[in-house]
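In what follows, residues are counted from 1 in the order of the sequence shown. The structure displayed is predicted, hence computed values, not measured ones.
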Amino acid sequence: MRFATQYGAYEIESVPSQPQVAICHGFFVHHEIRGQGFGHQIKAHQSDALVELKYDFAICTVAASNEAQRCVLRKAGWVWLAEFDNSKTGEMTELWGAEL
């Protein structure tokens with residue numbers, strides 16, 4: 001399901017056969033307003049949606065080089081779980097999670 005705000009958007013999907021676990025993806029801040037703290041507002045909106053939808057846990061991936069997104073995740077209370085060498089992008093990808 002796609003959620004949009006005036007600052008950007010994100011998507012939330014259930015893990016197949018594990019409907020209490022959410023996969024969060026497609027998170028973005030509109031290009032022209034990046035670096036102004038709006039990522040934190042969108043992440044708060046996403047957290048509210050996850051709680052309202054009654055998820056128990058959420059996961060997402062982030063490019064290890066994307067310090068802005070990693071900062072948003074840390075400040076929102078998400079934790080680093082693992083990393084892997086992404087054969088599609090050629091760089092490290094991190095897996096993050098949050099208990100809700």
Does R74 have any salt bridge (Lys or Arg N to Asp or Glu O under 4.0 Å) partners at least two apart in sequence or in another chain, and if so, which?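 Once residues adjacent in sequence are excluded, the partners of R74 under the salt bridge (Lys or Arg N to Asp or Glu O under 4.0 Å) criterion are E67.
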Looking at residues at least two apart in the chain, or sitting in another chain, which of them share a salt bridge (Lys or Arg N to Asp or Glu O under 4.0 Å) with E32?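 Salt bridge (Lys or Arg N to Asp or Glu O under 4.0 Å) list for E32, sorted by chain: empty.
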Quick check on the hydrophobic clustering: are I42 and I59 connected, directly or via other members, by side-chain heavy-atom contacts under 4.5 Å?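 Cluster IDs for I42 and I59 differ.
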Spell out, yes or no, whether I23 and L81 are grouped together once hydrophobic residues are joined by side-chain heavy atoms under 4.5 Å, including indirect joins.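 Yes: a chain of side-chain contacts under 4.5 Å links I23 to L81.
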Nearest non-hydrogen partners of [X] and [Y], listed with the distance:
X: W78; Y: L50; value: CZ2-CD1, 4.5 Å
X: L73; Y: K43; value: CD2-NZ, 3.6 Å
X: V72; Y: G39; value: CG1-O, 3.7 Å

CD on Q41 to OH on Y7, rounded to 0.5 Å: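 These two atoms lie 4.5 Å from each other.
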Atom OG1 in T5, atom NE2 in H30: separation rounded to 0.5 Å?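 The OG1 atom of T5 sits 6.0 Å away from the NE2 atom of H30.
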Less than 3.5 Å apart, which donor and acceptor atoms pair up between the side chains of residues 12-19 and the rest of the protein, not counting sequence neighbours?
{"from": "E13", "atom 1": "OE2", "to": "M1", "atom 2": "N", "distance (Å)": "2.7"}
{"from": "S14", "atom 1": "OG", "to": "Y55", "atom 2": "OH", "distance (Å)": "2.7"}
{"from": "Q18", "atom 1": "OE1", "to": "Q20", "atom 2": "NE2", "distance (Å)": "3.1"}

Checking A4 now: which residues fulfil side chain to side chain contact (heavy atoms under 4.5 Å, CB included) with it, not counting sequence neighbours?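 Once residues adjacent in sequence are excluded, the partners of A4 under the side chain to side chain contact (heavy atoms under 4.5 Å, CB included) criterion are R2, A9.
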Check whether the ring centres of F38 and H40 lie less than 6.0 Å apart, and answer yes or no.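 Here the rings of H40 and F38 have centres that are no less than 6.0 Å from each other.
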Who are the ring-ring contact (aromatic ring centres under 6.0 Å, His included) partners of Y10, not counting sequence neighbours?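 By the ring-ring contact (aromatic ring centres under 6.0 Å, His included) rule, Y10 matches F3, H45.
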Name every donor-acceptor pair, under 3.5 Å, that has one atom in a side chain of residues 85-99 and the other anywhere in the protein, sequence neighbours excluded.
{"from": "N86", "atom 1": "OD1", "to": "K88", "atom 2": "N", "distance (Å)": "2.8"}
{"from": "N86", "atom 1": "OD1", "to": "T89", "atom 2": "N", "distance (Å)": "3.2"}
{"from": "N86", "atom 1": "ND2", "to": "T93", "atom 2": "OG1", "distance (Å)": "3.0"}
{"from": "T89", "atom 1": "OG1", "to": "E91", "atom 2": "N", "distance (Å)": "3.3"}
{"from": "E91", "atom 1": "OE1", "to": "S65", "atom 2": "OG", "distance (Å)": "2.8"}
{"from": "E94", "atom 1": "OE1", "to": "R70", "atom 2": "NE", "distance (Å)": "3.0"}
{"from": "E94", "atom 1": "OE1", "to": "W96", "atom 2": "NE1", "distance (Å)": "2.9"}

